[in-house]
Amino acid sequence: MRIAISGSHSLGKSTVVRDWLNSNPDYLWEDEPYRALSLNGPYEIAFQDKSTRLHNGLQLFYSISRVHRYSSITDNVIFDRCPVDYLAYSQYTAETGKTDIDSDFVLSMVDAVRESLDHLDILAFVPSSMEWPVLIEEDGIRPLDVEYRDSVDLIFKKIYRENLYNLSPVFGNLKLIELIGDQTQRLHQIQEAIESFSS
């Protein structure tokens, strides 16, 4: 089963991935592109209103290349982030008007993102929720700007709930779910989605 965890930063995505791997040791793990390319790799990648086409393009196509490694529903893998994420973050930066990322660049990414989703079985969106608030952890990696996190979250909600970029035809070919609640509930929601494939 090919599972991707998607959403704005500092909302518990990596925690979901870690908890899933602890409970399902037969799954492979694909870390998020920023960690692979910048934190542990050769590139300097900026966030927020400092992101450029190079920064987000590198992350997008790294994400797509990793998704394409797994061709079958029998491949057990969980992704921290997915190609959709770079549409949301690029849209945020485009709206600031401070770098070379603009609406044309964002739209140029859509077809590649749409095609890549054929290689996922479950897309699990982690939204911000007033009922289950998550504090931003100061770990030296994540931006600490709550307004930035929440603004990107709103873009994700437009993508997944309001069909921004017209991805809904592709979403019909996979299982799109939202993860809400505590850590145990989120794992249960993923498990239910997996079981729905055989019901």
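We're numbering straight along the sequence, starting at 1.
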Say you draw a straight line from [atom1] of [X] to [atom2] of [Y]; how long is it, rounded to the nearest 0.5 Å?
X	Y	atom1	atom2	answer
T184	D19	OG1	CG	8.0 Å
N56	S63	CG	OG	11.5 Å
D31	S14	CG	OG	7.0 Å
H119	S72	NE2	OG	10.5 Å
L60	S116	CG	OG	7.5 Å
D118	H68	CG	NE2	8.0 Å

[X] versus [Y], closest heavy-atom pair with distance:
X	Y	value
T99	S51	OG1-O, 2.7 Å
N163	S168	OD1-N, 2.9 Å
C82	L120	CB-CD1, 4.3 Å
E178	P127	OE1-CG, 3.6 Å
R149	S10	NH1-O, 2.9 Å
L187	V16	CD2-O, 4.0 Å

Between the side chains of [X] and [Y], is a donor N or O closer than 3.5 angstrom to an acceptor N or O?
X	Y	value
H55	Q59	no
Q189	Q185	no
Q91	Y165	yes
T52	D100	no

*Under the side chain to side chain contact (heavy atoms under 4.5 Å, CB included) rule, what do R114 and L167 come out as? Steps first, then yes or no, please.*
CA-CA 6 Å; R114 186 180 287 121; L167 296 178; 4.1 Å; yes
Between [X] (side chain only) and [Y] (backbone N and O only), is there a donor and an acceptor less than 3.5 Å apart?
X	Y	result
N76	M1	yes
S6	D85	no
T93	Q48	yes
D145	Y148	yes

*Salt bridge R69-E30, side-chain N to carboxylate O under 4.0 Å*: yes
_Charged N-O contact under 4.0 Å between D153 and K157_ = yes
*Does V146 share a hydrophobic cluster with L154, counting links as ILVMFWY side-chain heavy atoms below 4.5 Å and allowing steps through other members?*
no
*Is the Y34-F47 ring centre distance short of 6.0 angstrom?*
yes
*Please confirm whether Y43 and Y62 have ring centers closer than 6.0 angstrom.*
no
So do [Y] and [X] actually touch side chain to side chain, heavy atoms under 4.5 Å?
X	Y	answer
L58	P33	no
I177	E192	no
Y86	V113	no
N173	L117	no
W20	V17	no

*Please report the C-alpha distance between I190 and L179 in whole Å, then the side-chain angles of each, then the deciding distance to 0.1 Å, and finally whether the side chain to side chain contact (heavy atoms under 4.5 Å, CB included) criterion is met.*
CA-CA 8 Å; I190 295 173; L179 301 183; 3.9 Å; yes
_Is the ring pair F156/Y89 parallel, tilted or perpendicular, if the boundaries are 30 and 60 degrees?_
perpendicular
*Evaluate the ring planes of Y70 and F79, with Trp represented by its six-membered ring, and classify them as parallel (under 30°), tilted (30 to 60°) or perpendicular (over 60°).*
perpendicular
*Hey, is NE2 on H188 packed in by over 12 heavy atoms from elsewhere, all under 6.0 Å?*
no
*Please walk me through it: do V84 and Y160 pass side chain to side chain contact (heavy atoms under 4.5 Å, CB included)?*
CA-CA 10 Å; V84 175; Y160 289 125; 3.3 Å; yes
*Among K13, R35, R18, whose salt bridge (Lys or Arg N to Asp or Glu O under 4.0 Å) with D80 holds?*
R35
*Can I3 and D121 be said to form a side chain to side chain contact (heavy atoms under 4.5 Å, CB included), step by step?*
CA-CA 6 Å; I3 305 166; D121 304 303; over 6 Å; no
